[in-house]
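All of these numbers come straight from a predicted model, not from anything done at the bench. Every number for a ligand or one of its atoms is a count from 1 in the order of the listing. These values consider heavy atoms only, across backbone and side chains, with no hydrogens, waters or symmetry-generated copies.
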Amino acid sequence: MRLLFLGPPGSGKGTQAKIISEKYGIPHISTGDILRDAIKNGTPVGQRAKNYVESGGLVPDDVIVDIIHERLSHSDAGPGFILDGFPRTSAQALALFGVMCQLKTTIQMVIRFDCPDEVVIERICGRRICPVCNTSYHIKHKPPKNDGFCDKKDGAALIQRDDDTETTIHRRLDKYYNALESIQTHFSDILFEVNACQSEEEVTKTIEEHWNGNR
Ligand code: AP5
C-alpha cells in the first residue's frame with residue numbers, strides 16, 4: 001500500500017494517516033512531523049527549516065527532497081507507506097518520481113482531502129497534539145479522556161503547534177491552493193477525492209473503499 005495524502009492544513013491528513021498506518025502496518029511519513037522533530041532537536045535541517053515552518057512558509061525543496069529520499073530508503077517503507085504533506089510543489093512531485101524510479105516502485109493512489117476553509121480553520125485553532133507520539137486531538141471534537149494529556153501510554157502533556165495561529169493558517173492555505181493544480185496534474189490518473197468534512201470513521205471508510213475498489 002503506497003499512498004499519498006494531499007489536502008489543506010487541518011483537513012485530517014495526519015489523523016487518517018495514523019489510523020491507516022496502524023491498521024495496515026505501514027509507516028506514516030509526514031514531512032511536517034519530521035521537520036518539527038528536527039527543529040526540536042536543533043539539527044542542521046531543523047535550524048534551516050525553523051523560520052519557514054513557524055511562519056507558514058514552505059521549506060526549500062532541496063531540504064525536503066533529501067528528507068524524503070532518505071526516509072523512503074529505510075527498509076520499513078519497503079512493504080508500503082503513507083506520504084502526508086509531500087509533495088507540496090511541482091518540483092517535489094517530479095523529485096518523487098525520481099526517487100520512486102531509483103527504488104523501483106510507484107505511488108499507487110493519491111487521496112485529496114477536500115474541506116472548506118472555515119472548517120479547517122476551526123479544526124486547527126482547536127487542535128492539540130502530543131509531542132511524543134504526534135497524536136492529534138481537538139478541544140471540542142476529539143478531547144482527550146484526561147484533559148490536557150495524551151490518551152496513549154506516554155500520557156504526555158498536549159501542546160499547541162507554533163504554526164497553529166489564525167494568521168499563519170491563512171498563509172498555509174494560500175500556499176496549498178496556489179500549488180494544488182500543478183501538483184495534482186502529475187497524479188491525475190490515480191487521484192481520488194474524499195469529503196474530509198465527514199466524521200473520522202466515515203473518512204477512513206471512504207479511503208478504504210477507494211483503495212479496495214481501485215488497486
Ligand atoms: P504539516 O505538518 O504537513 O501541516 P499541514 O499540511 O498544514 O497539515 P496539518 O498537520 O496542519 O493538518 P492535517 O491535515 O494533518 O490535520 P490533522 O489530522 O492534524 O506541515 C507543517 C509545515 O511544515 C508547513 O507549513 C511547512 O512549513 C512545512 N512543510 C511540511 N511539509 C513540507 C513540504 N513537503 N514542503 C515544504 N514545506 C513543508 O487534523 C486537524 C484537527 O482536526 C485535529 O484537531 C483533529 O483532531 C481534527 N480532525 C481531523 N479529522 C477530523 C474529522 N473528520 N472531523 C472532525 N475533526 C477532525
Compare every heavy atom of [Y] with every heavy atom of [X], then report the nearest pair and how far apart it is.
{"X": "Ser11", "Y": "Ala196", "result": "O-CB, 3.4 Å"}
{"X": "Gly56", "Y": "Lys175", "result": "O-CG, 3.9 Å"}
{"X": "Ile34", "Y": "Ile67", "result": "CG2-CG2, 3.7 Å"}
{"X": "Leu35", "Y": "Ala49", "result": "CD2-CB, 3.8 Å"}

Among all protein non-hydrogen atoms, which one is nearest to [atom], and what is the separation to 0.1 Å?
{"atom": "atom 30 (C) of ligand 1", "answer": "Arg88 NH1, 3.2 Å"}
{"atom": "atom 16 (O) of ligand 1", "answer": "Gly12 N, 3.3 Å"}
{"atom": "atom 10 (O) of ligand 1", "answer": "Arg161 NH1, 2.9 Å"}
{"atom": "atom 19 (O) of ligand 1", "answer": "Arg127 NH1, 2.6 Å"}
{"atom": "atom 12 (O) of ligand 1", "answer": "Gly10 N, 2.8 Å"}
{"atom": "atom 53 (N) of ligand 1", "answer": "Gln198 O, 2.8 Å"}

Distance filter under 4.0 Å to [X] heavy atoms, resulting ligand 1 atoms:
{"X": "Gly14", "result": "13 (P), 15 (O), 18 (O)"}
{"X": "Gln92", "result": "33 (C), 34 (N), 35 (N), 36 (C)"}
{"X": "Gly57", "result": "25 (O), 26 (C), 27 (O)"}
{"X": "Thr31", "result": "30 (C), 31 (N), 32 (C), 34 (N)"}
{"X": "Leu35", "result": "23 (O), 28 (C), 29 (N), 30 (C), 38 (C)"}
{"X": "Tyr137", "result": "43 (C), 44 (O), 46 (O)"}
{"X": "Lys13", "result": "5 (P), 6 (O), 8 (O), 12 (O), 13 (P), 14 (O), 15 (O), 16 (O), 18 (O)"}
{"X": "Pro8", "result": "14 (O)"}

Do the charged groups of [X] and [Y] touch, with an N to O distance under 4.0 Å?
{"X": "Asp164", "Y": "Arg172", "result": "yes"}
{"X": "Asp154", "Y": "Lys152", "result": "no"}
{"X": "Arg36", "Y": "Asp33", "result": "yes"}
{"X": "Glu201", "Y": "Lys205", "result": "no"}

Kindly identify the option in Arg123, Arg171, Glu201 whose heavy atom sits closest to atom 51 (C) of ligand 1.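 It is Arg123 whose heavy atom sits nearest to atom 51 (C) of ligand 1.
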
Among Lys140, Lys175, Arg172, whose heavy atom sits nearest atom 25 (O) of ligand 1?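 Checking each option, the heavy atom nearest atom 25 (O) of ligand 1 is found in Arg172.
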
Between ligand 1 and [X], is the shortest N or O to N or O distance under 3.5 Å?
{"X": "Phe86", "result": "no"}
{"X": "Val203", "result": "no"}
{"X": "Lys142", "result": "no"}
{"X": "Ser30", "result": "no"}
{"X": "Asp33", "result": "no"}
{"X": "Gly126", "result": "no"}
{"X": "Asp84", "result": "no"}
{"X": "Asp164", "result": "no"}
{"X": "His141", "result": "no"}
{"X": "Val59", "result": "yes"}

Heavy-atom gap [X] to ligand 1 smaller than 4.0 Å:
{"X": "Gly7", "value": "no"}
{"X": "Gln16", "value": "no"}
{"X": "Arg36", "value": "yes"}
{"X": "Pro87", "value": "no"}
{"X": "Lys18", "value": "no"}

Given ring pair (Phe, Tyr, Trp, His ring centres under 6.0 Å), test Phe187 with Phe97 step by step and report yes or no. CA-CA 11 Å; Phe187 303 103; Phe97 287 117; 5.4 Å; yes

Among Met109, Arg112, His186, find the residue that satisfies the side chain to side chain contact (heavy atoms under 4.5 Å, CB included) test when tested with Leu191.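 The residue from Met109, Arg112, His186 that satisfies side chain to side chain contact (heavy atoms under 4.5 Å, CB included) with Leu191 turns out to be Arg112.
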
Side chain proximity check, [X] to [Y], heavy atoms < 4.5 angstrom:
{"X": "Leu3", "Y": "Trp211", "result": "yes"}
{"X": "Thr31", "Y": "Arg88", "result": "yes"}
{"X": "Asp114", "Y": "Asn195", "result": "no"}
{"X": "Cys150", "Y": "Val132", "result": "no"}
{"X": "Ile19", "Y": "Ile207", "result": "no"}

Between the main-chain N or O of Gly10 and the side-chain N or O of Arg127, is there a donor-acceptor pair closer than 3.5 Å?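 No.
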
Proximity to ligand 1 by part of Glu202, non-hydrogen separation under 4.0 Å: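 Contact part for Glu202 vs ligand 1: neither.
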
For ligand 1, which part of Thr15 has a heavy atom less than 4.0 Å away: the side chain, the backbone, both, or neither?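 Both backbone and side chain.
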
Is it the case that more than 12 heavy atoms not belonging to Lys50 sit under 6.0 Å from its NZ atom?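 No.
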
How long is the span from the OG1 atom in Thr106 to the CG atom in Leu103, to the nearest 0.5 Å?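 Rounded to the nearest 0.5 Å, the OG1-CG separation comes to 11.0 Å.
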
Sequence-distant partners of Glu181, side chain to side chain contact (heavy atoms under 4.5 Å, CB included), two or more places apart: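 Listed in chain order: Gln184, Thr185.
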
